[in-house]
Amino acid sequence: MRNQSLEMKTCMGKPMIEIEEVTKKFGQDTVLYPVSMTMLAGQVYGIVGNNGSGKTVLMKCICGFLPATSGTVRAGGKVVGKEVDFPEDMGVIIETPGFLPQMSGRKNLELLAQLRHVIGPKEVTRVLQRVGLDPEARKPVGKYSLGMRQRLGIAQAIMEDPEILILDEPFNGLDKHGVADIRNLLLEMKEQGKTILLASHNGEDIDLLCDHVFEMDAGILTEIR
Amino acid sequence: MEWKRMVGSRAFYPALLLAIAGILAGVNWPTEHKVLETGTFYILWNEALTSDALVFFLPLASVLAYGDSFVQDIRSSYIRILISRQDRKAYVRDRMRVCMFSGGLIWLLAGICSFLILFLLLFFREGTGAWDPKVLQEAFWRLVRLVLIGSWCSAMAGAFGAFFLSSYMAFGLPFLSYYLLIILHDRYFQGYAAIDPVEWLKLQKDWGDNGIGAYLVILALIILFVVLGKMAMGERLEEI
Ligand SMILES: Nc1ncnc2c1ncn2[C@@H]1O[C@H](COP(=O)(O)OP(=O)(O)O)[C@@H](O)[C@H]1O
Ligand SMILES: [Mg+2]
């Protein structure tokens with residue numbers, strides 16, 4: 001029953017991201033061998049793989065942060081890097097992101113919110129609480145621990161409630177509580193029917209959260225579940 | 001967003017203080033304790049707007065506030081958070097625009113602050129009499145040129161920073177370029193006042209009606225560096 005209603009809500013099955021034969025070379029080094037993958041709406045995809053295997057590079061290609069050497073990435077039918085600079089309705093965290101170090105977490109998010117104009121201070125408060133940061137704290141981000149910065153990074157990815165989430169090592173730097181918090185958060189997002197791509201070098205988180213699991217090994221992506 | 005970010009940045013107030021100090025350092029403070037002539041405060045302000053001290057501080061204070069903001073964005077990977085909300089074109093346009101205005105803004109604010117400071121310190125020691133609008137007019141246009149030269153310096157900072165991806169270059173090269181032009185003019189090309197930033201400020205030579213030539217030279221340089229800066233940033237943003 002629940003699955004059915006979910007299906008109606010998110011029109012499950014619609015391709016959100018289509019990756020076709022994407023390769024990436026840095027000079028002579030091939031970092032991605034032809035990678036193809038389709039992400040359907042409402043599904044959660046996981047990529048496991050060792051450090052340096054190419055997970056981050058693939059995610060950057062999906063976001064248009066890196067141009068693919070060959071192949072295309074389509075998001076919502078539009079070619080990333082040609083028709084759109086960055087996929088619409090997508091939230092992203094790649095590695096641990098930087099913020100403006102002299103401002104508080106809240107101030108940082110409020111400034112970012114002004115770029116898209118879809119949320120206001122109320123939503124910023126809510127998202128900070130959701131990731132377990134104090135919305136009233138005045139501490140500048142420059143003095144944050146790695147875990148706090150990671151939480152803030154996740155907050156900026158989800159704050160505008162995007163349909164697609166690209167999360168590269170979201171558990172990076174988090175303590176046990178942090179991992180549990182974020183895991184619950186992602187389960188919630190999954191319930192809401194978001195389309196999620198998750199990369200981690202830790203298979204446990206992936207197993208729990210993902211409908212489809214891929215392994216990246218030296219630039220070769222294979223589906224393992 | 002960009003403006004709030006600039007005003008909230010760590011370097012903004014030091015840059016502003018430096019600029020105010022630069023103007024006040026050029027004030028020829030009255031030493032005698034007698035009633036001053038009417039308008040002393042703005043006459044001194046007007047003189048200070050072209051003083052040697054100010055010429056020295058000009059490129060420094062202009063670039064400090066925001067000159068290396070692009071470098072910071074790339075280095076801290078903040079850029080990815082921005083580009084996920086704003087396409088590259090819009091980002092480059094905003095960044096270069098605010099970079100350029102930052103230097104001018106510092107001098108505009110410093111000009112206003114120093115005017116108020118001089119007013120508060122000296123006005124009440126002045127005798128009464130008529131004001132001289134000519135001096136005020138001259139000072140106003142000096143301030144405009146100061147703002148433009150400040151913008152040129154900060155536009156250079158944005159462009160050099162993006163080209164070399166280095167804060168040192170963002171801060172250092174505008175400074176060097178500025179002095180290089182002054183030295184070239186003083187040593188080798190004394191006939192070519194058009195290349196001398198000090199002359200743009202002082203307008204001692206003939207620049208056409210109301211010094212229009214000087215404004216055109218500075219504007220052309222601003223546009224040149226804005227265009228170069230946008231190109232350099234665009235290049236840098238291909239892989240982030
Ligand atoms: N900008 C770059 N220039 C050259 N090599 C890079 C660049 N980015 C990543 N690489 C290389 O690509 C490979 C994959 O990196 P990455 O995707 O970050 O691995 P991970 O799976 O740990 O996320 C590594 O060997 C890395 O050195
Ligand atoms: Mg990685």
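Quick note on labels: first sequence line is chain A, next is B, and so on, each numbered from 1. No experiment lies behind these values; they were computed from the predicted model shown.
- Residue F86(A) touches chain B through its side chain alone, counting heavy-atom pairs closer than 4.5 Å.
- The backbone N or O of D85(A) lies less than 3.5 Å from no partner atom in the side chain of D87(B), so there is not a single donor-acceptor pair.
- The most heavy-atom pairs under 4.5 Å with chain B, out of Q102(A), M103(A), E88(A), come from Q102(A).
- A salt bridge does not link K4(B) to E110(A): none of the charged side-chain nitrogens sits closer than 4.0 Å to a carboxylate oxygen.
- Applying a 4.5 Å heavy-atom cutoff, none of the residues of residues 128-142 of chain A approach chain B.
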Could you walk me through whether K60(A) and E239(B) pass the salt bridge (Lys or Arg N to Asp or Glu O under 4.0 Å) test, one step at a time? CA-CA 9 Å; K60(A) 286 184 179 174; E239(B) 304 205 345; over 6 Å; no
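- The distance from the CD atom of E95(A) to the OG atom of S77(B) is 7.5 Å, given to the nearest 0.5 Å.
- Between atom OG of residue S84(B) and atom CG of residue L112(A) there is a gap of 8.0 Å, rounded to the nearest 0.5 Å.
- Nearest heavy-atom pair, F99(A) versus Y78(B), reported as atom, atom and distance to 0.1 Å: CA-CD1, 3.6 Å.
- Side-chain contact check for R85(B) and Q156(A): at least one donor-acceptor pair (N or O, by modelled atom type) lies under 3.5 Å.
- One distance of note links CG of N108(A) with CD1 of I81(B); it measures 8.0 Å at 0.5 Å rounding.
- Looking at E238(B), the atoms closer than 4.5 Å to chain A (heavy atoms on both sides) all sit in the backbone: N, CA, C or O.
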